[in-house]
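First up is the structure itself, then whatever we jot down about it.
Positions are given from 1, in the same order as the sequence printed here.
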Amino acid sequence: MSEQAAPAWLFGPRQPLPVHVPLVRGESTGSYVRRLAHGQGLQLEELLERVGFGQASRDPARVRAYPSTTELYVNERGLEFLAVLCGSTARALQEDLPSTAAHLLEQTTGMEPVWTWPWLTRQGHLVPLCGTCAASGGVHETVWMISPDRWRVCLEHLRFTDSDSTGGTWGLSLKLLPETIAAHREREVLYQRYGLAGQELFADAFQITVHWWTHLPDTPRWVQRARDAGLMAHAVPTAPLVLMPEAAAVAAHLAAFEHANKRDGQARTRWMDQMREQMDQWGVDFPVARWALMDWLQRHSVPSAATPEAVGERSRRPTSGVGLPQGLRLSPGHTQVAQPTEALGAASCLPWQLGQPACDM
């Protein structure tokens, strides 16, 4: 076979493509390869032929839709070819494109470059980057990010994007939801204050409000918040937007309970009374909603200082902040039992998931 007749993958690309397309840190590989193709005036399936072997639909239109529904994975050789095409290095790609990390590379025995489009992403979710963020970086098409959650909030441009493209790929404006904006800022403060413990407490708080919302979907404040955003009140993608203010407040209550580290019957009753007062203010039916709180209290019934050895390494959580509480330890009963479908669910000790019917919670 002559070099002229050989397929492009056999010898590999020898120089970058004519038009440089900058990387976006955190972008999915499939999204970047599509942008790289478009930068050259090519379609996605045409560029893939230059990266190596792969399995994809014979329908070009279907292939072009892949970056919004699944992720592209390559083997080590394919990564090297892609690095040449975009004028970069394999290491640089692995720093910017999460799905090219060493543990996510396709494991192959031959020397040929390989790429695949599995049905599901192997890590994270495909969520659009805020359209304003993309445009400010000179990108004028959808950038699909690998996100730990099914949604992202851009506090700089006040936009919400999710894997369901709620509000379109540019994102839904949050300007009419000031409580949600404030809640996301409070969430970041909690993370900075308590490190991993803060993330887990917020995950628990979000799971608690998910339980409330699933059993009490017609609670007026949540219905009104959804209407303010122009969304359907009972749609699952709406939940992260409408529940964030209550989740942030509940997280503060959970943190206060853990920080006090008093878990006797009197302390638990006093804490539940405080939660009842808070829920009465929100118009959340306490007799129904208290079950999620009781579940959490049961799992956090053992003082963290009582069995430090049992807590082990996971209790040594990183913290940051000057003059802030350091080394908050959660109860040893906080074991992550939720299915790891997204970051918040996976970090929680509460087992239900957003989208489950109420009878299964």
Open item on the list: For a 4.5 angstrom cut-off between non-hydrogen side-chain atoms, does Arg35 reach Val24?
Closed with: yes

Task: Phe286-Trp212 aromatic ring centre distance below 6.0 Å - done: no

Open item on the list: Using the side chain to side chain contact (heavy atoms under 4.5 Å, CB included) criterion, which residues pair with Ala235? Sequence neighbours excluded.
Closed with: Met232, Pro237, Thr238

Task: All pairs passing salt bridge (charged side-chain N to carboxylate O under 4.0 Å, His left out) where residues 136-145 contributes a residue, at least two apart - done: none

- [ ] Report yes if some heavy atom in the side chain of Thr70 is under 4.5 Å from a heavy atom in the side chain of Leu120; otherwise report no.
- [x] no

TODO: Would you confirm whether Thr214, through its side chain, and Ala358, through its main-chain N or O, come within 3.5 Å as a donor-acceptor pair?
DONE: no

Determine all donor-acceptor pairs shorter than 3.5 Å in which one atom belongs to a side chain in residues 128-138; sequence neighbours excluded.
unit_1 : atom_1 : unit_2 : atom_2 : d
Thr132 : OG1    : Arg159 : NE     : 3.4
Ser136 : OG     : Thr132 : O      : 3.2
Ser136 : OG     : Cys133 : O      : 2.7

Task: Closest non-hydrogen atom pair, Glu27 against Ser31 - done: OE2-OG, 2.6 Å

Task: Check: Ser147 side chain, Asp149 main-chain N or O, donor-acceptor pair, under 3.5 Å - done: yes

Open item on the list: Using every non-hydrogen atom in the two residues, find where Ala205 and Ala251 come nearest and quote the distance to one decimal.
Closed with: CB-N, 3.4 Å

Open item on the list: For the backbone of Asp164 and the side chain of Asp162, can you confirm whether one donor and one acceptor N or O come within less than 3.5 Å of each other?
Closed with: yes

TODO: Output all residues satisfying ring pair (Phe, Tyr, Trp, His ring centres under 6.0 Å) with His38, sequence neighbours left out; order by chain, then residue number.
DONE: none

- [ ] Evaluate the criterion salt bridge (Lys or Arg N to Asp or Glu O under 4.0 Å) for residue pair Arg299 and Asp295; output intermediate values, then yes/no.
- [x] CA-CA 6 Å; Arg299 296 172 191 271; Asp295 192 329; 2.5 Å; yes

- [ ] Compare all side-chain heavy atoms of Arg263 with those of Ser301 and state whether any distance is below 4.5 angstrom.
- [x] no

- [ ] Provide the closest heavy-atom pair for Val236 versus Trp213 in the form atom of the first, atom of the second, distance.
- [x] CA-CH2, 3.8 Å

Open item on the list: Nearest 0.5 Å, please: how far is OG1 in Thr29 from CG in Leu79?
Closed with: 8.5 Å

Task: Same cluster (ILVMFWY, side-chain, under 4.5 Å), Val63 and Trp144 - done: no

TODO: Check side chain to side chain donor-acceptor pair (under 3.5 Å) between Arg122 and all other residues, then give those that pass, not counting sequence neighbours.
DONE: Glu106

Task: Asn75 side chain to Trp115 backbone, donor-acceptor under 3.5 Å - done: no

TODO: Quick one: list whatever passes side chain to side chain contact (heavy atoms under 4.5 Å, CB included) with Pro60, sequence neighbours left out.
DONE: Glu45, Arg64

TODO: Output the distance between atom CH2 (Trp170) and atom SG (Cys154), rounded to the nearest 0.5 Å.
DONE: 11.5 Å

Show me the side-chain donor-acceptor pairs of residues 271-281 shorter than 3.5 Å, one per line, residues at least two apart or across chains.
unit_1 : atom_1 : unit_2 : atom_2 : d
Trp271 : NE1    : His253 : O      : 3.1
Gln278 : OE1    : His253 : NE2    : 3.4

Open item on the list: Closer than 3.5 angstrom, by distance alone: can the side chain of Thr219 be matched with the main-chain N or O of Trp222 as a donor-acceptor pair?
Closed with: no

TODO: Kindly give the heavy-atom pair with the smallest separation between Phe202 and Ala248, and that separation in Å.
DONE: CE1-CA, 3.8 Å

Open item on the list: For His259 and Tyr194, take the angle between the two ring planes, folded into 0 to 90°, and tell me which bin it lands in: parallel under 30, tilted 30 to 60, perpendicular over 60.
Closed with: tilted

TODO: Report the distance from atom CG of Leu254 to atom NE2 of His300, rounding to the nearest 0.5 Å.
DONE: 7.5 Å

Open item on the list: Counting C-beta onward and ignoring hydrogens, is there a side-chain heavy-atom pair between Leu243 and Val210 closer than 4.5 Å?
Closed with: yes

Task: Listed partners of His20 passing side chain to side chain contact (heavy atoms under 4.5 Å, CB included), at least two apart - done: Pro22

Open item on the list: Would the distance check show the side chain of Gln207 and the main-chain N or O of Leu350 forming a donor-acceptor pair, the cut-off being under 3.5 Å?
Closed with: yes

- [ ] Look up atom CZ in Arg150 and atom NE2 in His125, then write down how far apart they are to the nearest 0.5 Å.
- [x] 4.5 Å

Task: Separation between CZ of Phe53 and OG1 of Thr108, rounded to the nearest 0.5 Å - done: 11.0 Å

Task: Side-chain heavy atoms of Tyr191 within contact of Val189, under 4.5 Å - done: no

Open item on the list: Side chains of Asp360 and Trp352 only: does a donor on one sit below 3.5 Å from an acceptor on the other?
Closed with: no

- [ ] Look at the side chain of Gln40 and the backbone N and O of Ala37, then say whether any donor-acceptor pair between them is shorter than 3.5 Å.
- [x] no

Task: Backbone of Ala255 reached by a side-chain donor or acceptor of Glu258 within 3.5 Å - done: no

Task: Pairs involving residues 165-178, ordered by first then second residue, that meet salt bridge (charged side-chain N to carboxylate O under 4.0 Å, His left out) (sequence neighbours left out) - done: none

Task: Any side-chain heavy-atom pair of Pro67 and Trp117 under 4.5 Å - done: yes

Open item on the list: Regarding Tyr66 and Arg62, do their side chains bring together a donor and an acceptor under 3.5 Å, going by distance alone?
Closed with: no

Open item on the list: Under the rule for side chain to side chain contact (heavy atoms under 4.5 Å, CB included), what residues qualify as partners of Ala229, not counting sequence neighbours?
Closed with: Leu172, Leu177, Leu231

Residues 80-105 side chain polar contacts: donor-acceptor under 3.5 Å, at least two apart:
unit_1 : atom_1 : unit_2 : atom_2 : d
Glu80  : OE1    : Arg77  : NH1    : 3.4
Thr89  : OG1    : Ala92  : N      : 3.1
Gln94  : NE2    : Thr100 : O      : 2.8
Asp96  : OD1    : Arg25  : NE     : 3.0
Asp96  : OD1    : Arg25  : NH2    : 3.3
Ser99  : OG     : Glu71  : OE2    : 2.7
Thr100 : OG1    : Leu93  : O      : 3.3
Thr100 : OG1    : Leu97  : O      : 2.7
His103 : NE2    : Gln123 : OE1    : 3.2

- [ ] Determine the minimum heavy-atom distance between Ser163 and Val127, stating which atoms define it.
- [x] N-CG2, 4.0 Å

Task: Flag side-chain contact, heavy atom, 4.5 Å: Leu42 against Leu36 - done: no

Open item on the list: Over 60° means perpendicular and under 30° means parallel, so tell me whether His215 and His211 are parallel, tilted or perpendicular.
Closed with: parallel

Task: Side-chain heavy-atom pair Leu190, Arg187 within 4.5 angstrom cut-off - done: no

TODO: Would you mind listing every salt bridge (charged side-chain N to carboxylate O under 4.0 Å, His left out) that reaches into residues 233-253, with sequence neighbours excluded?
DONE: Arg221-Glu246, Arg225-Glu246

